[in-house]
Amino acid sequence: MKKLPEVGNAFLHYFQQFIPDFAEKFVPGISSTELQSVLGTLQHELPPDFYLLYEWRNGYADFNGHPDFNCYSFAPFHFNTIEMVAAEKNWDWCDDNPPTYKGYNVLPLVSCGRVFWGITLGRDYQTEAHIVYVDSVGECVLRYDSITCMMNSIVESFERGGLRFSENVIRRNDGLFAETLRANNPKTLSEGIADFERYIEVYGSDTDIADYSMKIDTLLNGLSTLYYMKPSVILNQVRCRLNALENISSERAISAHEGLKMWLNTND
């Protein structure tokens, strides 16, 4: 796996070839001293490759990003300047209810309107995945092991054909992209599988409402994490659970069957 800044240069190489005006908007990097000055006490809560990223480039000059490369789906293709990261770190616009992932606060790293990518603060960065996607209502989904793993996932996908440029738009080969994600993000894959397997049997069960709701939330988060990864072991378990739900006539089972079938149809 390439390390920053090598993987960063490889990342920019593809855009310089096909969309040079996008590549040109990445701001020159800044020193670790400047980073610490802007971040203040937050500096102690961040993973090491956060500093390497900003020493390589201080984000993307346009806060709204490039119109052809939004971050509403599988990967972000730009990141905020450190000044914007510092300005948004408190999520002031969230009415004192900033998004969290499993109880961990999130630092916005990439912004696209009301959609974000961020770093979970306080996790063990050596052993736990920590890059999350934050949707427009504040729901967080684990997506990548780290900044470095995210960048490598994008670069290797371009190298292998999982991603390619076509008329200024990035096209995705789902199978190749999934293989690259799994290879580069084993911690994210493991956590998604664990959340799925822990509660898959509750899907459609008669568990009490409060407990059912909590377990379903965890299960759905696991399914969301695995959405682009398509691990065969989970695909097979979803098929088995679908078959079991067909023999249960409760409203929960019918709803669960419809939800799992939709997920499988998208990921199979």
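Start at 1 with the first residue, then count along the sequence.
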| With Phe116, the ring-ring contact (aromatic ring centres under 6.0 Å, His included) member among Trp91, Phe79, Tyr133 |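 For Phe116, the ring-ring contact (aromatic ring centres under 6.0 Å, His included) check succeeds only for Trp91.
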| query | ring-ring contact (aromatic ring centres under 6.0 Å, His included) with Phe158: which of Phe177, Phe165, Phe11? | reply |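 Of the listed residues Phe177, Phe165, Phe11, the ring-ring contact (aromatic ring centres under 6.0 Å, His included) partner of Phe158 is Phe165.
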| task | Check step by step if side chain to side chain contact (heavy atoms under 4.5 Å, CB included) holds for Glu258 and Met262. | result | CA-CA 6 Å; Glu258 290 176 352; Met262 184 179 298; over 6 Å; no
So do the side chains of [X] and [Y] get within less than 4.5 Å of each other, counting heavy atoms only?
| X | Y | answer |
| --- | --- | --- |
| Ser213 | Asp217 | yes |
| Ser31 | Glu55 | no |
| Lys230 | Leu226 | no |
| Trp56 | Leu12 | yes |
| Tyr199 | Leu220 | no |
| Pro231 | Leu189 | yes |
| Val106 | Ile119 | no |
| Arg239 | Leu264 | yes |

| request: I would like to know whether Leu260 and Leu245 meet side chain to side chain contact (heavy atoms under 4.5 Å, CB included); could you show each step before the answer? | output: CA-CA 10 Å; Leu260 282 178; Leu245 288 169; 3.9 Å; yes
For residues [X] and [Y], report the shortest heavy-atom separation together with the two atoms involved.
| X | Y | answer |
| --- | --- | --- |
| Gly162 | Leu176 | CA-CB, 3.7 Å |
| Ser166 | Arg171 | CB-CG, 3.6 Å |
| Thr180 | Ser153 | CG2-O, 3.6 Å |
| Asp208 | Arg252 | C-NH2, 4.2 Å |
| Ser111 | His78 | O-CE1, 3.6 Å |
| Leu46 | Tyr125 | C-CE1, 3.6 Å |

Once rounded to the nearest 0.5 Å, what's the spacing between atom [atom1] of [X] and atom [atom2] of [Y]?
| X | Y | atom1 | atom2 | value |
| --- | --- | --- | --- | --- |
| Asp62 | Thr81 | CG | OG1 | 11.0 Å |
| Arg164 | Phe18 | CZ | CZ | 10.5 Å |
| Asn105 | Thr120 | CG | OG1 | 10.0 Å |
| Thr225 | Leu181 | OG1 | CG | 11.5 Å |
| Ile82 | Leu39 | CD1 | CG | 4.0 Å |
| Glu88 | Leu109 | CD | CG | 11.0 Å |

| query | Is there a side chain to side chain contact (heavy atoms under 4.5 Å, CB included) between Thr266 and Trp263 once you walk through the steps? | reply | CA-CA 5 Å; Thr266 305; Trp263 185 90; 6.0 Å; no
Answer with yes or no whether the hydrophobic clustering places [X] together with [Y]; edges join I, L, V, M, F, W, Y residues whose side-chain heavy atoms lie under 4.5 Å apart.
| X | Y | result |
| --- | --- | --- |
| Val233 | Tyr227 | yes |
| Leu35 | Val27 | no |
| Tyr104 | Leu121 | no |

For residues 134-148, run the donor-acceptor check on the side chains, cut-off 3.5 Å, and write out each pair with its distance to 0.1 Å, sequence neighbours left out.
unit_1	atom_1	unit_2	atom_2	d
Asp135	OD1	Val137	N	3.0
Asp135	OD1	Gly138	N	3.1
Asp135	OD1	Glu139	N	2.9
Arg143	NH1	Ser224	O	2.7
Tyr144	OH	Phe74	O	2.7
Asp145	OD1	Lys187	N	3.3
Asp145	OD1	Thr188	N	2.7
Asp145	OD1	Thr188	OG1	2.7
Asp145	OD2	Lys187	N	3.0
Ser146	OG	Thr148	N	3.4
Ser146	OG	Cys149	N	3.1
Thr148	OG1	Asp49	OD2	2.8

| request: State whether Asp21 and Lys25 are salt-bridged, where the test is any N-O pair (Lys NZ or Arg NE/NH1/NH2 against Asp/Glu carboxylate O) under 4.0 Å. | output: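 Answer for the salt bridge query: no.
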| query | Is it true that Glu201 and Arg241 make a salt bridge, defined as a side-chain N closer than 4.0 Å to a carboxylate O? | reply |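 The answer is yes: the pair qualifies as a salt bridge.
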| field | Intermediate values then yes/no, side chain to side chain contact (heavy atoms under 4.5 Å, CB included), Gln16 and Phe22 | value | CA-CA 8 Å; Gln16 287 165 341; Phe22 176 80; over 6 Å; no
| field | Option among Val7, Asn184, Val155 that satisfies the side-chain contact (heavy atoms from CB on, under 4.5 Å) test with Met1 | value |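 When side-chain contact (heavy atoms from CB on, under 4.5 Å) is applied between Met1 and each of Val7, Asn184, Val155, only Asn184 qualifies.
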Between the main-chain N or O of [Y] and the side-chain N or O of [X], is there a donor-acceptor pair closer than 3.5 Å?
| X | Y | value |
| --- | --- | --- |
| Trp117 | Pro108 | no |
| Asn58 | Tyr54 | no |
| Glu6 | Lys2 | no |
| Ser255 | Glu251 | no |

| query | How would you list all residue pairs meeting salt bridge (Lys or Arg N to Asp or Glu O under 4.0 Å) that involve residues 99-113, not counting sequence neighbours? | reply |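 For residues 99-113: Lys102-Glu191, Lys102-Asp195.
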| message | For a quick check under 3.5 Å, do Thr218 and Asn221 share a side-chain donor-acceptor pair by atom type? | response |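 Thr218 vs Asn221: no donor-acceptor pair found between side chains.
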| message | If we count only N and O atoms by modelled type, under 3.5 Å, do the side chains of Ser37 and Glu34 hold a donor and an acceptor together? | response |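 No, no side-chain donor-acceptor pair sits under 3.5 Å.
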| request: Sequence neighbours left out, what passes salt bridge (Lys or Arg N to Asp or Glu O under 4.0 Å) with Asp174? Give chain and number order. | output: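 With sequence neighbours excluded, Asp174 shows a salt bridge (Lys or Arg N to Asp or Glu O under 4.0 Å) to Arg172, given in chain and number order.
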